[in-house]
Participant: 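Quick one: structure below, then a few questions.
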Protein chains: 2
Amino acid sequence: MTEEASPPPLDPAELGAYFALIEVSSLLRHTVEQQLRDAGDLSYVQFQLLATLGDTADGTQRMTELADGVVYSRSGLTYQVGLLEKAGLVARSPSAEDDRGVTVTITEAGRDVLARVFPGHIDVLRQLFLEPLAREDIDSLARVLTVVRDHMRSIPPRSAKPRRKSAVRQSPTGGGA
Amino acid sequence: MTEEASPPPLDPAELGAYFALIEVSSLLRHTVEQQLRDAGDLSYVQFQLLATLGDTADGTQRMTELADGVVYSRSGLTYQVGLLEKAGLVARSPSAEDDRGVTVTITEAGRDVLARVFPGHIDVLRQLFLEPLAREDIDSLARVLTVVRDHMRSIPPRSAKPRRKSAVRQSPTGGGA
DNA sequence: TATTGTTATACTCTATAACTATA
DNA sequence: TATAGTTATAGAGTATAACAATA
């Protein structure tokens, strides 16, 4: 039925690049998350949001722009920005031009947290990620991964995927003992 | 108090490598997770577990070995393997040599799911990740990321981290509007 | 005493759908 | 009608700590 023609298997280098990418990013992210939590009680997403805001000239972004850069769903962004606002690290205000819009601004406290968190963040990156690499390795990594990123961004996420019924997901009638 | 000497900032290539790595792996993982869910109702972790088991000669691994390779906490592994077992994709049995141990084995059904899921998985990797890369890019990526992975593995996770009190995390007394 | 694995529990995060308001 | 954002809700996943059994 769902017999898709089997694509040719990946060769060792392709597999190696994929597996190493997944493992490296998982470990790196895990460690960075711990550091951010310990140093500033930030989740990674929250850090990304703050860092994104801190990078703009006026510390300001529309919600939609933030969502596009960092989070996958609108509601998820609302949730995270809500947490940041409660903590006083960002402020929300109605958008000037578009009355539907909401503008998010990083606060002084937000910048302070960012500053408090950065040194440890960089330490982790150096020790865990950059340390074993030569200059040219880093250059090549940046170049190649940037190509991939641009490619990914250029591909529209395909919508309308067919859903299947649940099989492995947790089921209320979990008969298994 | 916690005045760590500010490390020198990262240069553009270092930052580029880091940001691109995070973005590429996030997008890739996100897309792959959707594919695995649609094609086989598997989460990424579950797929990793099945794939790990399927890779061994006898389709068998000790719990601890699985945890080291894939998951970060023991209880998390117990949870995931429990789901897979309920779905009939793996079986658990007492370990032969060590009476404390538990051996996990992939079942026929597990191998079927794996086979059903692989083609689409490879498709995603090709289209999203490998497509814009030249052979030498892939080789270099695999080489450099493998260096990083080996380095990461060689670093013992530092234990005994000081905990902080919650600040940004959701608080029960969420006074906000 | 140390290790293997499970269980109970609490909590974070994410996504979907329904909804409001403006363009 | 389409878009921006919020809310309600439900569910998955994870970690921590306590626990049982064996080495």
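Labels below follow one simple rule: chain letters A, B, ... track the order of the sequence lines, proteins then strands, and each chain is numbered from 1.
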Participant: Tell me the interatomic distance from A/L49, atom CG, to C/dC13, atom P, rounded to whole angstroms.
Facilitator: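 Rounded to the whole Å, the gap is 11 Å.
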
Participant: Would you mind writing out the side-chain donor-acceptor pairs for residues 59-66 of chain B within the sub-3.5 Å range, not counting sequence neighbours?
Facilitator:
residue, atom, partner, partner atom, Å
B/T60, OG1, B/T105, OG1, 3.1
B/E65, OE1, B/R62, N, 2.9

Participant: If you assign each of A/E65 and B/D99 to its closest nucleotide in DNA chain D, which residue comes earlier from the 5' end?
Facilitator: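 Of the two residues, A/E65 wins.
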
Participant: Determine whether A/L21 and B/L141 make a side-chain contact, defined as any pair of heavy atoms from C-beta on separated by less than 4.5 Å.
Facilitator: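 Not touching, per the 4.5 Å side-chain cut-off.
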
Participant: Between C/dC13, C/dA15, C/dT4, spot the one nearest the side chain of B/R74, thanks.
Facilitator: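 That would be C/dT4.
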
Participant: Which one, C/dG5, D/dG13, D/dT7, comes nearest to the side chain of A/T78?
Facilitator: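 Per side-chain heavy atoms of A/T78, the pick is D/dT7.
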
Participant: Please state how far atom CG in B/L66 lies from atom C1' in C/dT4, giving the value in whole angstrom units.
Facilitator: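 In whole Å, C/dT4 C1' lies 13 Å from B/L66 CG.
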
Participant: Identify the heavy atoms of B/V24 and A/L145 that sit nearest to each other, and give their distance.
Facilitator: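 Minimum heavy-atom contact is CG2-O, 3.6 Å.
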
Participant: Within this structure, what is the CG-to-P distance between B/D41 and D/dG11, rounded to whole angstrom?
Facilitator: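 These atoms are roughly 15 Å apart.
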
Participant: What is the distance, rounded to the nearest whole Å, between atom CD of A/E33 and atom C1' of D/dG13?
Facilitator: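 Rounded to whole Å, this separation is 13 Å.
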
Participant: Under a 4.0 Å N-O cut-off, is there an ion pair linking A/E33 with A/R37?
Facilitator: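 Salt bridge absent between A/E33 and A/R37.
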
Participant: From NE2 of B/H30 over to P of C/dC13, roughly how many Å is that when rounded to an integer?
Facilitator: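 Those two atoms, NE2 and P, are 16 Å apart.
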
Participant: Rounded to whole angstrom units, what separation is found between the CD atom of B/Q48 and the C1' atom of D/dT14?
Facilitator: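 Value for this atom pair: 15 Å.
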
Participant: Taking the minimum atom-to-atom distance to the side chain of B/Y79, which one of C/dC13, C/dG5, D/dT14 wins?
Facilitator: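 Selected nucleotide (nearest to the side chain): D/dT14.
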
Participant: How close or far is atom C1' of D/dT6 from atom CG of A/L83, stated in whole angstroms?
Facilitator: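 One finds 14 Å between C1' of D/dT6 and CG of A/L83, rounded.
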
Participant: What is the distance, rounded to the nearest whole Å, between atom CZ of A/R37 and atom P of D/dT14?
Facilitator: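 Rounded to the whole Å, the gap is 14 Å.
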
Participant: May I ask you to evaluate whether A/R62 reaches the phosphate of D/dG5, defined as a side-chain N or O under 4.0 Å from OP1 or OP2?
Facilitator: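 Result: yes.
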
Participant: Measuring from atom CZ of A/F118 to atom CG of A/D123, what distance do you get when rounded to the nearest 0.5 angstrom?
Facilitator: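 Answer for the CZ-CG pair, A/F118 versus A/D123, is 13.0 Å.
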
Participant: How do A/Y72 and A/D98 order along DNA chain C: which one's closest nucleotide is nearer the 5' end?
Facilitator: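 Taking each residue's closest nucleotide, the earlier one in sequence belongs to A/Y72.
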
Participant: Return the 5'-most residue of the pair B/Q80, A/M63 with respect to DNA chain D, ranking by each residue's nearest nucleotide.
Facilitator: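 Whichever sits nearer the 5' end wins; that is A/M63.
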
Participant: Looking at the base of C/dT16, is there any donor atom on it, or on the side chain of A/S75, that sits under 3.5 Å from an acceptor on the other one?
Facilitator: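 Looking at the base of C/dT16, it does pair with a donor or acceptor on the side chain of A/S75 (distance under 3.5 Å).
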
Participant: Give a yes/no answer on whether the side chain of B/T64 brings an N or O atom under 4.0 Å of OP1 or OP2 in C/dT3.
Facilitator: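 For B/T64, the contact criterion (side-chain N or O under 4.0 Å from OP1 or OP2 of C/dT3) is not met.
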
Participant: On DNA chain C, check which nucleotide each of B/L77 and B/R100 is closest to and give me the residue with the more 5' one.
Facilitator: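 So the residue in question is B/R100.
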
